[in-house]
Amino acid sequence: CTACLSRSMMLRCFSRSLVIPKELCFRVRRIGVLSTSFELTDEAIFTDEHQTLRSSLRKLIDQHINPYVDEWEEAKSFPAHRVFKKLGEAGFLGVTKPPEYGGLGLDFSFSAAVAEELGHITCGAIPMAIGVQADMATPALTRFGSDELKRQFLAPSIAGDVVACLGVSEVGAGSDVAGIKTTARPSSTGDDLIINGGKMWTTSGAQADWMCLLANTREGDPHRNKSLICLPMDSKGITISRKIDKLGMHASDTVEMAFEDVRVPKTHIIGEEGKGFQYQMMQFQEERMCGTAMSLQPLQRMIEQTIEYTRNRKAFGQSILDNQVVHFKLAEMQTELEALRSLHYRCIGMYVNGKDVTPLASMAKLKAGRLTRVLTDALLQYWGGMGYTSEVEVSRQYRDQRLLSIGAGADEVMLSIICKWMGTLPRRT
């Protein structure tokens, strides 16, 4: 178990005791007599320790997650507490978190490696829910929360004892985070906050034990009047309005919820009151990088599965793969995927070195969202009628990966961020 080990102990343990399986290494499957293979450690940001960490996670996925994905997809929910406990016991929910709260204390490149390996799960819903727990609901709490809040909410989240969710989007405010209407105003005594409003698109909301909630805690500038709050989900006044039936991500429950006079201690504010918008923008940064990372393996796997399918599928006297338009298109897809991978790895490397990667993270997320849309659509076409069924993974990824261009900041938001960095965004008058 990695959860009880310091960084140096963990890395020594990994290096001595685990053998990296051949299938962990990225490769393009052989076409004709040519084959090309690249080791993960050929990448500048990764080492043997990253590779070993991923190997350990892959074993857990193969044993405790992938055998049940079809069942959970059909049920439109997965047992988050059970899955998260397995991940927490192995240390995967607190890779970058401080050891004093149960984390491994590693740098963000290890979190990125874990996020990428989560793409080995054969659906998009469960990696997304794990990402909420590890990289979306807890970064601000880790950086700015009090010791009391960290012990009450962060430590059990890292251990997998509780399920976390993130409450930002609302019915009338998605990409426009500054426009949220939920309020958390001081009680008459000033000791508590009284929360009223609602949240939309809440991943794991039906199972969550606590929420990292963004709410307006005062009047004034919408970029300086918000706070992040640790909200226990068993608090009186919280109502699950409905479970949302989605195009994809079926195994992850997504809900709309309402708050009516929900009371929490004022001490549940994360960091400084009024800094919530800034804190949430920081959380979005890591969420976007992890979202990009999670797209890499599904795309690689869909390309490889399509190569095998088209090689074996015959039409008009030859395999579909032998048609130049098909194998040339697959070569273009692989090239696009490698370009995305390189951009993402460059972004991670700079982030670990303390650089502001806002434009690069936005570019990578934009590219990942658009590439998943284009590739899954084009790949599904080569499966013909089978691609239109639920019996093959390519159709599931076609549905699931569509969310990447919408969640964590839509493509248009990414473009606005990039334009601002370029100095081409018109100024508001």
Side-chain angles (χ1 to χ4, degrees), residues 43 45 96 108-109 111-119 124-125 127-140 166 168-169 174-178 201 203 247-249 252 277-300 302 333 335-353 355-377 397-422 424-425:
E43 302 292 346
I45 66 169
T96 61
F108 189 76
S109 67
S111 186
V114 166
E116 186 172 342
E117 194 59 39
L118 288 173
M128 177 179 67
I130 297 169
V132 170
Q133 181 90 356
D135 299 299
M136 301 179 198
T138 52
L166 180 64
V168 176
S169 294
S175 296
D176 182 14
V177 175
W201 315 118
T203 299
L247 170 70
M249 301 292 190
S252 173
F277 183 86
Q278 288 79 6
Y279 293 164
Q280 185 53 46
M281 292 304 105
M282 295 178 193
Q283 291 196 138
F284 276 147
Q285 190 87 297
E286 294 190 359
E287 177 180 353
R288 288 163 184 164
M289 287 187 282
C290 287
T292 299
M294 289 178 189
S295 73
L296 297 176
Q297 281 219 35
L299 290 178
Q300 184 64 58
M302 293 309 95
M333 292 181 191
T335 302
E336 289 292 320
L337 178 54
E338 290 310 312
L340 172 61
R341 194 192 310 271
S342 294
L343 174 60
H344 170 65
Y345 287 171
R346 179 186 174 207
C347 179
I348 297 299
M350 292 178 66
Y351 186 68
V352 170
N353 288 328
K355 304 296 184 181
D356 179 6
V357 297
T358 301
L360 281 182
S362 302
M363 291 174 188
K365 200 266 186 185
L366 173 68
K367 180 67 174 177
R370 292 190 168 180
L371 192 60
T372 55
R373 290 157 63 182
V374 172
L375 259 64
T376 54
D377 180 69
Q397 295 295 346
Y398 173 80
R399 299 190 308 270
D400 288 357
Q401 297 299 329
R402 185 61 181 82
L403 180 61
L404 191 53
S405 279
I406 300 172
D411 283 0
E412 292 73 20
V413 174
M414 299 301 100
L415 288 165
S416 294
I417 293 170
I418 297 165
C419 287
K420 184 177 181 180
W421 171 72
M422 295 172 66
T424 61
L425 191 68

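Of all non-hydrogen atoms in I418 and P359, the two that sit nearest each other are CG1-O, 4.3 Å. The two residues R288 and A408 make their nearest non-hydrogen contact at NE-O, 2.6 Å. Shown here for T358 and S362, the closest heavy-atom pair between the two residues is O-OG, 2.8 Å. For the pair I348 and S109, the tightest heavy-atom approach, listed with the atom from each and the gap, is CG2-CA, 3.9 Å. Of all non-hydrogen atoms in V132 and L166, the two that sit nearest each other are CG1-N, 4.2 Å. Smallest separation of non-hydrogen atoms from F277 and A178: CE1-N, 3.8 Å.
Between the side chains of Q285 and Y351, no donor-acceptor pair is found at a separation under 3.5 Å. There is a side-chain donor-acceptor pair under 3.5 Å between Q280 and Q283.
Salt-bridge annotation for D411 and R373: present, with a side-chain N of the basic residue lying under 4.0 Å from a carboxylate O of the acidic one. A salt bridge between E116 and R341 is present, with a side-chain N of the basic residue lying under 4.0 Å from a carboxylate O of the acidic one.
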Could you go through the side chain to side chain contact (heavy atoms under 4.5 Å, CB included) check for T376 and D400 one step at a time? CA-CA 10 Å; T376 54; D400 288 357; over 6 Å; no
Evaluation steps, side chain to side chain contact (heavy atoms under 4.5 Å, CB included), between M350 and L360: CA-CA 9 Å; M350 292 178 66; L360 281 182; 3.4 Å; yes
For S175 and E412: C-alpha separation, side-chain torsions, deciding distance, then whether side chain to side chain contact (heavy atoms under 4.5 Å, CB included) applies. CA-CA 9 Å; S175 296; E412 292 73 20; over 6 Å; no
Passes side chain to side chain contact (heavy atoms under 4.5 Å, CB included), L403 versus M128? Steps please. CA-CA 10 Å; L403 180 61; M128 177 179 67; 3.6 Å; yes
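Between the CD1 atom of I45 and the NE2 atom of H344 there is a distance of 6.0 Å, given to the nearest 0.5 Å. Atom CE of M302 sits about 10.5 Å away from atom CD of Q297, to the nearest 0.5 Å. Here the straight-line distance linking atom CG of L375 with atom CD of Q397 works out to 12.0 Å at 0.5 Å rounding. The CG atom of L366 lies 8.0 Å from the CE atom of M414; values are rounded to the nearest 0.5 Å. We find the CG-NZ distance between L343 and K367 to be 9.0 Å, quoted to the nearest 0.5 Å.
Atom OH of Y279 sits in a crowded spot, with more than 12 heavy atoms from other residues, nucleotides or ligands closer than 6.0 Å.
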